[in-house]
Amino acid sequence: MRVLVVNAGSSSLKLSVVGPREEVLASESVPVRRGVWDRGAVRAVLEGFPAVEAVGHRVVHGGREFVSPVRLDARVVGRLRALGDLAPLHQPKSLAGIEAVEGVLPGLPAVACFDTAFHAGMPQEASTYAVPERWRREWGVRRFGFHGLSHAYAWRRAVEVAGGVRRVVTAHLGAGASLAAVLEGRGVDTTMGFTPLEGLVMATRSGSVDPGMVLWLHQHEGLAVEEIAEALEHESGVLALAGSADMREVLGRVDAEAVLAVGVYVHRLRAGVAAMAASLGGLDALVFTGGVGEGSALVRARVAEGLGFLGVEVDAGANEGVGVEGEVSAAGAAVRTLVVHAREDVEVARGVREVVGGG
């Protein structure tokens, strides 16, 4: 089965066709104009693509209801729309992508695949916040986790490359960043929580901060909730520390601001990997994926330097010379360290085939 994979981002609608052997048969992005997709542009791209038998949409949030891929119909789309408050930056884009492609390819089976689903089976101790029972019962407050499609593929690929690894930490490091603890294919912990703001330092997001600080800024300095939200989402992270959200540019600098930004980023990342390893009771493999995870030998080396006590050690030559993906472990290291090319499209296509069949 050839599957059209739809990934709706903040500035473009990425369309790709994944073949039966996980090969990319075609790929192109349609830009956003005035906050919407140009249906004519979508049609033009799809008319130039190979014929497909089904469509798979990456959807950021499935809430508590959708914990596996689901075939789209009017009821499901309505439920996804109701989840918009949980992911106001991402869910509307996913829904717009669903509508845009449905308008061009009506009648094809379409499946939603969720970034939260991989984490839905986390143990209660990992998914539960110590907050009032009413918050949890009536409003569904819990740790959802995100980037699940990327973490799932990174784990699958790690097993293919490294063999019998059981306890794996996957590090999705892009503009957004998160870690997952994976035990024999099951996500048992992760760094993102109720929203994608929790956890690691990211390009423009703060990662975890003291909620008391947020309350203090609102109560004592008069910052509006909307102003705080905008700052934590879009004006924090590496951008706030170094003046640039482009990690490639920041890593190439030697000024104090850039050095601090990288130091904070790596510090939080090391601590997160150690925490994930604790959730697993040990570590067999550490996997880097995403733009920074795949592209920055320096970040991988700096992280590994602080994790020797876990058995993580990288070979400098292998780390510098690795291509799209490969193993960068030092000889004799107790933990396998891998670089894996992010392929969320493969996980979406896999989910589509599970739902509609087609091999």
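Here the OH-CZ distance, from Y129 to R142, works out to 9.5 Å after rounding to the nearest 0.5 Å. With rounding to the nearest 0.5 angstrom, the OG atom of S94 is 8.5 Å from the CG atom of L80. Summarising the geometry, atom CD belonging to E184 is positioned 9.0 Å from atom CH2 belonging to W155; distances are rounded to the nearest 0.5 Å. Rounded to the nearest 0.5 angstrom, E257 CD and L241 CG are separated by 9.5 Å. Atoms CG and CG, from L200 and L179 in turn, are 4.5 Å apart once rounded to the nearest 0.5 Å. Rounding to the nearest 0.5 Å places CZ of R167 at 4.0 Å from CG of D284.
Both F66 and L95 belong to a common hydrophobic cluster when Ile, Leu, Val, Met, Phe, Trp and Tyr are linked at side-chain heavy-atom distances under 4.5 angstrom. Hydrophobic clustering (ILVMFWY, side-chain heavy atoms < 4.5 Å, transitive): F309 and V335 are in one cluster. V209 and V238 are members of different hydrophobic clusters when ILVMFWY side chains are connected at heavy-atom separations under 4.5 Å.
More than 12 heavy-atom neighbours from other residues, nucleotides or ligands sit within 6.0 angstrom of CD on E23. Within a 6.0 Å sphere centred on CZ of R186, other residues, nucleotides and ligands contribute more than 12 heavy atoms.
The two residues V3 and G56 come nearest to each other via the heavy atoms CG1-N, 3.9 Å. Shortest non-hydrogen contact noted between V352 and A54 is CG1-CB, 3.6 Å. Residues F288 and G293 approach most closely at CB-O, 3.5 Å, considering heavy atoms.
Under a 3.5 Å cut-off, the side chain of T204 and the backbone N or O of E233 do form a donor-acceptor pair. Between the side chain of R336 and the backbone N or O of S329 there is no donor-acceptor pair closer than 3.5 Å. Checked by atom type and distance alone, the side chain of S236 pairs as donor or acceptor with a backbone atom of A231 at under 3.5 Å. Side-chain atoms of R253 come within 3.5 Å of backbone atoms of A242 as a donor-acceptor pair (strictly under, hydrogens ignored). Looking at Q91, its side chain never comes within 3.5 Å of a backbone N or O of L83 through a donor-acceptor pair.
Taking 4.5 Å as the limit, some side-chain heavy atom of V214 sits within range of a side-chain heavy atom of L232.
Donor-acceptor pairing under 3.5 Å is recorded for the side chains of H151 and S178.
Each of K14, R58, K93 was scored for a side-chain hydrogen bond (donor to acceptor under 3.5 Å, both in side chains) with N7, with one residue passing: R58. The side-chain contact (heavy atoms from CB on, under 4.5 Å) with M192 is formed by just one residue from the set M202, R143, H172; it is M202.
Taking the ring centroids of F146 and H119, they lie at or beyond the 6.0 Å cut-off.
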